[in-house]
Amino acid sequence: MYMKKIKDIVSCLDGIQIFGNAEKEVDGVELDSRKCGSTSLFVAQKGVSADGHDYIQKVLEQGCRAILCEVAPATYPADATVVVCPDTHVALGLVASAFYDEPSKKMKIVGVTGTNGKTTTATLLYKLMMKLGHKAGLFSTVANYIGDSKEGAKQTTPDAVTLNKQMAKMVEEGCEYCFMEVSSHSVDQHRISGLDFDGAIFTNITHDHLDYHKTFDNYINAKKGFFDGLKKGAFAITNIDDKNGMKMLQNTSADKKTYSLRAMADFKAKILEHSFEGMDIDFDGEEAFMQFVGKFNAYNLLAIYGAAVCLGFAKHDVLVALSSLTPVDGRFEAIRSADGKTAIVDYAHTPDALTNVISTINEIRKDSQKLICVVGCGGDRDKTKRPEMAKEAAKGCTNVVLTSDNPRSEEPEQILADMKAGLDAEDMKKTLVIADRHEAIRTALTIAQSGDIILIAGKGHEPYQEIKGVKHHFDDREEVRAIFNI
């Protein structure tokens with residue numbers, strides 16, 4: 001159990017004012033007013049939909065006597081301690097790190113950012129370290145791990161308190177490394193403030209999250225902000241085949257490294273041969289078979305290889321261990337029926353990711369094999385990508401089934417109408433629109449013949465559909481196996 005004096009955990013902050021007894025001890029840092037007790041430090045943050053300052057009186061009534069805020073309450077009990085700082089978003093990470101004894105400085109921390117490939121890259125780095133005999137932790141979209149212990153993941157990058165609390169557990173459990181996805185939201189909202197990164201990887205950047213960032217430049221700058229904040233002595237690896245890849249390195253103090261499938265780079269790879277079973281890849285002159293499919297996965301593997309080398313591991317040892325690993329759940333996950341159909345479940349939920357998966361399948365499939373794509377778009381998210389998603393599916397597939405994804409608060413029919421706006425008359429001739437996802441998947445698998453490939457895109461590992469604020473159990477992989485009767 002942690003117990004710290006307020007003065008000790010806020011000493012890292014600039015421009016603060018302390019009202020009350022700074023010698024008071026607290027046993028937790030809380031963002032959620034409902035979790036605050038008499039010995040908690042409540043941090044009031046101004047959020048997108050709510051302002052934590054509005055809950056200060058509530059936590060005081062609950063007995064909480066330590067507050068960190070930007071604006072001091074008009075009145076508060078005489079025995080309360082109030083710390084006022086310029087920005088509680090920045091402060092939270094620094095305070096949480098100090099409270100948990102700076103756990104990120106006690107492990108090697110590597111963050112992965114980009115539109116696509118974050119989950120695969122971070123997860124495989126974690127698995128690679130474990131395979132090489134080093135205990136590691138993971139924060140990812142799919143699941144979080146402390147060594148072999150798996151925990152559910154609620155968001156791509158957790159809040160700063162959760163990050164530091166979990167990292168402290170990783171240190172206690174003997175983890176030497178921690179790998180994490182770093183979302184653009186988490187950078188913009190300072191969730192990674194106070195973390196001591198030893199390395200960073202940039203995968204790529206394409207059209208996504210404009211509902212939040214508003215412009216593509218803002219989105220790029222959020223990713224770049226992660227690299228700008230790296231310390232001297234860390235490494236920064238970027239994909240130079242992405243047109244915005246070098247922008248990530250413009251203002252970083254870290255050791256700059258590059259990777260590429262097309263150009264001269266610090267880490268270079270070439271796909272020699274590929275099938276639905278995997279790829280033969282040349283990594284800097286050494287050939288290895290990887291149990292992954294597609295150019296996008298070759299990029300992920302190359303980034304992982306580069307990061308491991310930067311962490312001090314021998315190239316050959318890295319490739320031997322990588323060759324034994326298998327794909328992450330819901331990422332190009334192939335399920336085959338007894339009568340020769342192949343369903344591929346993939347998380348592709350952006351136009352670029354969908355294009356990459358479709359292109360990969362088309363490079364491998366024979367002319368006699370049809371490619372049928374089941375795809376939808378999420379509600380309450382970037383609407384501008386909806387017609388693009390439908391267009392990319394129609395462009396690269398024999399048949400398309402437009403369906404529901406996670407409609408959230410929106411009506412599925414409206415989302416589908418937005419998607420259909422991207423299709424012309426010819427596209428519509430090969431397109432079915434079936435709002436019910438179960439029925440859409442069943443229809444696609446039924447119309448497929450032996451040898452055909454059915455791509456079910458958008459949800460990947462997710463075991464639910466979110467409709468009107470309620471998460472209903474729904475797993476694309478379970479649906480496929482049930483219909484295939486396997």
Side-chain angles (χ1 to χ4, degrees), residues 114 116-121 123-125 127-128 131 203-204 206 239-242 259-263 265 267-308 315-316 318-337 340-348 350 352-373 392-393 395-398 448 450-457 460 477 480:
N116 304 311
K118 293 189 300 295
T119 300
T120 293
T121 303
T123 302
L124 292 181
L125 272 167
K127 290 184 176 181
L128 177 65
K131 180 70 70 173
T203 58
N204 52 66
T206 61
N239 173 8
I240 59 170
D241 291 347
D242 185 285
Y259 68 97
S260 172
L261 293 182
R262 302 200 304 254
F267 303 106
K268 184 84 168 61
K270 181 181 180 181
I271 301 172
L272 303 175
E273 190 175 338
H274 59 187
S275 68
F276 284 123
E277 280 66 49
M279 297 179 284
D280 272 314
I281 306 178
D282 180 291
F283 292 89
D284 290 334
E286 188 163 349
E287 185 179 336
F289 179 79
M290 299 290 161
Q291 300 176 65
F292 296 82
V293 180
K295 188 182 292 183
F296 61 95
N297 268 325
Y299 277 108
N300 295 334
L301 292 164
L302 182 55
I304 294 160
Y305 162 76
K315 294 180 180 181
H316 179 76
V318 171
L319 293 179
V320 170
L322 264 182
S323 67
S324 69
L325 301 183
T326 54
V328 176
D329 288 349
R331 268 61 175 180
F332 212 93
E333 190 170 343
I335 305 169
R336 294 177 177 84
S337 70
K341 301 173 185 177
T342 300
I344 294 171
V345 177
D346 193 88
Y347 189 54
T350 66
D352 186 68
L354 186 62
T355 300
N356 286 339
V357 175
I358 290 171
S359 297
T360 295
I361 295 170
N362 283 333
E363 286 172 5
I364 300 171
R365 75 179 175 101
K366 300 172 183 175
D367 291 339
S368 59
Q369 296 174 298
K370 289 185 295 185
L371 173 55
I372 303 165
C373 180
E392 289 304 317
K395 189 193 308 182
C397 301
T398 316
S450 180
D452 290 346
I453 299 128
I454 309 94
L455 170 62
I456 303 169
R477 296 161 299 178
V480 170

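Hydrogens, waters and symmetry mates are skipped; everything else that's a heavy atom, side chains included, is used. The shown structure was predicted, so the numbers you read here are calculated from the model rather than taken from an experiment.
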- Message: The criterion is salt bridge (charged side-chain N to carboxylate O under 4.0 Å, His left out); which residues satisfy it with E277, sequence neighbours excluded?
- Response: R336
- Give, for atom CG of N297 and atom NE2 of H274, the distance between the pair rounded to the nearest 0.5 Å. 12.5 Å
- Got a sec: does the NZ of K370 have more than 12 other heavy atoms crowding it under 6.0 Å? yes
- Message: Donor-acceptor pair, distance only, cut-off 3.5 Å: does the side chain of Q291 make one with the backbone of S323?
- Response: yes
- Query: For the side chain of S359 and the backbone of N356, is there at least one donor-acceptor N/O pair under 3.5 Å apart?
  - Reply: no
- Task: Write down the atom of R331, the atom of D346, and the distance for their closest heavy-atom approach.
- Result: C-OD1, 3.5 Å
- Task: Apply the side chain to side chain donor-acceptor pair (under 3.5 Å) test between Y299 and each candidate in T203, D241, T120; give the one that qualifies.
- Result: D241
- So which heavy atom on A348 is nearest to which on V357, and how close? CB-CG2, 4.1 Å
- Which atom pair, heavy atoms only, marks the closest approach of V293 to S275? CG2-O, 3.5 Å
- Shortest non-hydrogen contact from T121 toward A303: CG2-CB, 4.4 Å
- Item | Heavy-atom side-chain proximity of L325 to L301 below 4.5 angstrom | no
- Query: Does K127 reach the main-chain N or O of T123 with its side chain, forming a donor-acceptor pair under 3.5 Å?
  - Reply: no
- Output the distance between atom CD1 (I344) and atom CD1 (I335), rounded to the nearest 0.5 Å. 10.0 Å
- Task: Keeping the roles fixed (side chain from Q369, backbone from G451), state whether a donor-acceptor pair exists under 3.5 Å.
- Result: yes
- Task: Please identify each residue that fulfils salt bridge (charged side-chain N to carboxylate O under 4.0 Å, His left out) with K395, with sequence neighbours left out.
- Result: E392
- Note on the structure: Between L261 and A298, the two heavy atoms sitting closest are CD1-CB, 4.0 Å
- Message: Within the structure provided, determine whether L302 and I281 are in side-chain contact (heavy-atom separation under 4.5 Å).
- Response: no
- Message: Would the distance check show the side chain of N116 and the main-chain N or O of D352 forming a donor-acceptor pair, the cut-off being under 3.5 Å?
- Response: no
- Item | E286 with K315: basic N within carboxylate O range, under 4.0 Å | no
- Value rounded to 0.5 Å, distance of NZ in K118 from CG in N204: 8.5 Å
- Query: How many angstroms lie between atom CG of L124 and atom OG1 of T326, to the nearest 0.5 angstrom?
  - Reply: 8.0 Å
- Query: Do the rings of F332 and F276 sit parallel, tilted or perpendicular, given the 30° and 60° boundaries?
  - Reply: parallel
- Side-chain contact test, heavy atoms from C-beta onward, threshold under 4.5 Å: evaluate it for E333 versus V328 and give yes or no. no
- For G117 against N300, the heavy-atom pair lying closest together: CA-OD1, 3.7 Å
- Message: Can you tell me if K268 has over 12 outside heavy atoms packed within less than 6.0 Å of its NZ?
- Response: yes
- Message: Donor-acceptor check, side chain of T398 to backbone of L371, threshold 3.5 angstrom: yes or no?
- Response: yes
- Message: Is there a side-chain contact between V318 and F283 in this structure, where contact means two heavy atoms from C-beta onward sitting under 4.5 Å apart?
- Response: no
